[in-house]
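To find a chain, count down the sequence lines: A is the first, B the second, and so on, and within it residues start at 1.
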Amino acid sequence: MAKLTPRDKDYSKWYNELVVEADLAQHSDVKGCMVIKPYGFAIWERMKDVLDARFKETGHVNAYFPLLIPKSYLSKEAAHVEGFAKECAVVTHYRLKNDPDGQGVIVDPDAKLEEELIIRPTSETIIWKTYKNWIQSYRDLPLLVNQWANVVRWEMRTRLFLRTTEFLWQEGHTAHATRDEAVAEAELMLRVYAEFAEGTLAMPVIQGVKTASERFAGALDTYCIEALMQDGKALQAGTSHFLGQNFAKAFDVTFATKEGDKQHVWATSWGVSTRLMGALVMTHSDDLGLVLPPELAPIQAVIVPIHKGGDGEAVVMERCNALFAELKAAGIRVKLDDDDTRRSGWKFAQYELKGVPVRLAIGPRDAEGGTVELARRDTREKSLVPFEGIASNVSSLLSDIQNGLLATSRQRLSDSIVEVDTWDAFTAALDGGGFISAHWDGTDETEEWIKQKTKATIRCIPFDGPGTPTPPAPGNCVKTGAPSERRVLFARAY
RNA sequence: CGGGGCGUGGCCCAGUUCGGUUAAGGCGCCUGUUUUGGGAACAGGAGACCGCAGGUUCGAAUCCUGCCGCCCCGACCA
């Protein structure tokens, strides 16, 4: 097991090595696709479980829609097809046959589909086609459905978790009787994402709205949570869209009101993906490997027995088993690593690489003295603690770690927001990474010019309210000097 | 699609400039012994149609032609 490339030497290389070495994922033989390994998938499952519970608490139900979508559906909503057409995988045939000229198989030309099918890049079209039949009356609303699925977007350039050709996600699709209700839903789900990011991932985010040019294809408004990675680049970690009546009109989804009028429904969609795995890695991890927040970690504490076999072994193992039972009873996700084909030093390094928050080691000396060596992954501090009261000790250590990770990344986020008022200051601030808070004249032209010139994009226009990084105050556009009502956040992003 | 890099046991790779007959080394794997409180040491062993297809040659991992694939950096995007 080689050491990882240090972050300050090559951040991108560090990331790739970490993902592979920590057993999260590996490249498959198909470009842009990855195998998510059991340990990586266990982390994704934790994300999924926590989010799924929140979706259900907020009134949503799960369903499943097909992977394959008739090509014609995609063209129903003009902006939507414009946004996705160029990255769709298309199914044209349904059968292979043996190659008559040699070995292997070829596409059977006789098995051409009458209408080509696309592999979903997102499911708005098939879902709204279906909703047309589900919705007739105001009594059918609101319709609050989520699905956990895979989607395919044929991106030019891919990176493990951050942008893969196929990725896993959830997509919520809701229908409402009024505009206000739909807007409230989109805002609610963004809050759910933000709470999840901070509470579970210990990853602070900035909530806001996208500019027109960054909006989801087919949306009237796109809300987002933006996070900051250790290298100073921003990452869009989740989005929630207010779709207006665009899809209802495109698929003719109407309902009868109490008064007997016929109206188009109002829609939202919202999603987070396995990209969150990448966000997680780049928020907390270090040169030794992954660092997982305890709320998320599939294994919160690992017990490593240390013995030389023989008589000592029984005593040590007895202690370890008791410890395991006690931690488990306290509701801690604990693993006892009693694999005696690996040495303890090797195990220590492994669990550090995999980001297990707390490690407990027990050797003959501890068994004798009634102590446990307690090591925390985030600060790498070790201490010798009494066996007595170990469960509450570990529990409070886990919450210390969770809080510590959040505090550290919060500090980094707030330190990285730089206010600038001149173009020189803007370009100077770019080198430091992080968010740049600046006035913008509100035009596409200025936004695009800045993007071309600096690769920095407007990540969002933050929401007002307590804790906003950009309290509303008028000023002048950092580029054109035209009047501006408020600051927005720029950054270079993943 | 542009620019760069690379395809050699499961993994990392030397060898390719200048062709030469058992394709080197490390990691990992298997067996044994000694070890075990921070990634063990020694000894032995298994494992390769050198990305694919042609060509040149007495002889090709190495030279020529064509193709395929992957990674990294850009443009596009969650």
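Counting to the nearest Å, the P atom of B:C71 and the NE2 atom of A:His27 are 5 Å from each other. Following rounding to the nearest Å, A:Phe84 (CZ) and B:C76 (C1') show an atom-to-atom distance of 13 Å. Here the P atom of nucleotide B:G39 and the CG atom of A:Asp287 are 19 Å apart, to the nearest Å. With rounding to whole Å, A:Glu155 atom CD is found 16 Å from B:C1 atom P. The OH-C1' distance, from A:Tyr351 to B:G39, rounds to 14 Å in whole Å. As rounded to whole Å, 15 Å separates atom C1' of B:A78 from atom CG of A:Asn150. In this structure, the NZ atom of A:Lys347 is 12 Å from the P atom of B:A40, given to the nearest Å. One atom, NZ of A:Lys210, and another, P of B:A78, lie 8 Å apart when rounded to the nearest Å.
With A:Glu352 as reference, A:Arg359 is the one residue of A:Arg359, A:Lys347, A:Lys382, A:Arg377 to meet the salt bridge (charged side-chain N to carboxylate O under 4.0 Å, His left out) rule. Evaluated for a side-chain contact (heavy atoms from CB on, under 4.5 Å) with A:Thr58, the options A:Leu144, A:Asn146, A:Leu188 yield exactly one hit, A:Leu188.
A gap of 15 Å separates the P atoms of B:U62 and B:U56, to the nearest Å. On the C1' atoms, B:G20 is 27 Å away from B:G66, given to the nearest whole Å. Taking atom C1' on both nucleotides, B:C63 is separated from B:U17 by 11 Å, rounded to a whole Å. Look at the C1' atom in both B:C76 and B:U65: the space between them is 35 Å, to the nearest Å. The gap from the C1' atom of B:U33 to that of B:G37 amounts to 23 Å, rounded to the nearest Å. Taking atom P in both B:G59 and B:C67, one finds a spacing of 27 Å when rounded to whole Å. Across the P atoms, B:G28 and B:C50 are found 26 Å apart, a figure rounded to whole Å. For the P atoms, the distance linking B:G7 with B:A14 amounts to 7 Å, nearest Å.
For A:Phe247 and A:His80, the ring centers sit closer than 6.0 Å to each other.
Of the listed nucleotides (B:G37, B:G39, B:A78), B:G39 has the atom at the smallest distance from the side chain of A:Gln350. Nearest nucleotide to the A:Arg153 side chain, out of B:G38, B:A78, B:U36: B:A78.
With 3.5 Å as the limit, one finds a donor-acceptor pair spanning the side chains of A:Asp366 and A:Thr371. For the residue pair A:Trp270 and A:Thr268, a side-chain donor N or O sits within less than 3.5 Å of a side-chain acceptor on the partner. A side-chain N or O of A:Thr222 and one of A:His241 form a donor-acceptor pair less than 3.5 Å apart. Using modelled atom types, one finds a donor on one side chain and an acceptor on the other under 3.5 Å when comparing A:Thr379 with A:Arg376. Side-chain polar atoms of A:Thr5 and A:Glu17 form a donor-acceptor pair below 3.5 angstrom.
Using a 4.0 Å heavy-atom distance criterion, A:Thr164 is classed as a base contact. Residue contacts for A:Ser273: at a heavy-atom cut-off of 4.0 Å it reaches a base atom on one of the strands shown. Residue contacts shown for A:Leu162 include a base, since a base heavy atom lies under 4.0 Å away. Using a 4.0 Å heavy-atom criterion, one finds that A:Tyr494 contacts no nucleic acid atom at all.
Between A:Met229 and A:Tyr494 the shortest side-chain heavy-atom distance falls below 4.5 Å.
Residue A:Arg343 places no side-chain atom within donor-acceptor reach of the base of B:G37, judged by atom type and a 3.5 Å distance cut-off alone. Scanning atom types as modelled, one donor and one acceptor separated by under 3.5 angstrom connect the side chain of A:Lys382 and the base of B:G38.
Nucleotides of RNA chain B nearest to A:Arg159 and A:Arg380 differ in position, and the one nearer the 5' end is that of A:Arg380. Each of A:Ser12 and A:Phe348 was matched to the nucleotide of RNA chain B holding its nearest heavy atom; the match closer to the 5' end belongs to A:Phe348.
Between A:Asn16 and B:C72 there is a side-chain N or O to OP1 or OP2 distance below 4.0 Å. In terms of phosphate contacts, A:Lys455 brings a side-chain nitrogen or oxygen within less than 4.0 Å of OP1 or OP2 of B:A75. One finds no side-chain N or O of A:His307 lying less than 4.0 angstrom from the OP1 or OP2 phosphate oxygen of B:U36. Between A:Arg342 and the phosphate of B:G39, there is no side-chain N or O to OP1/OP2 separation shorter than 4.0 Å.
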Under the rule of Watson-Crick or G-U wobble with both distances under 3.5 Å, where | means paired to another strand and [ ] a crossing pair, RNA chain B maps to ((((((((.[[[..)....(....]]].((((((.....)))))).....[[[[[..)....]]]]])))))))....

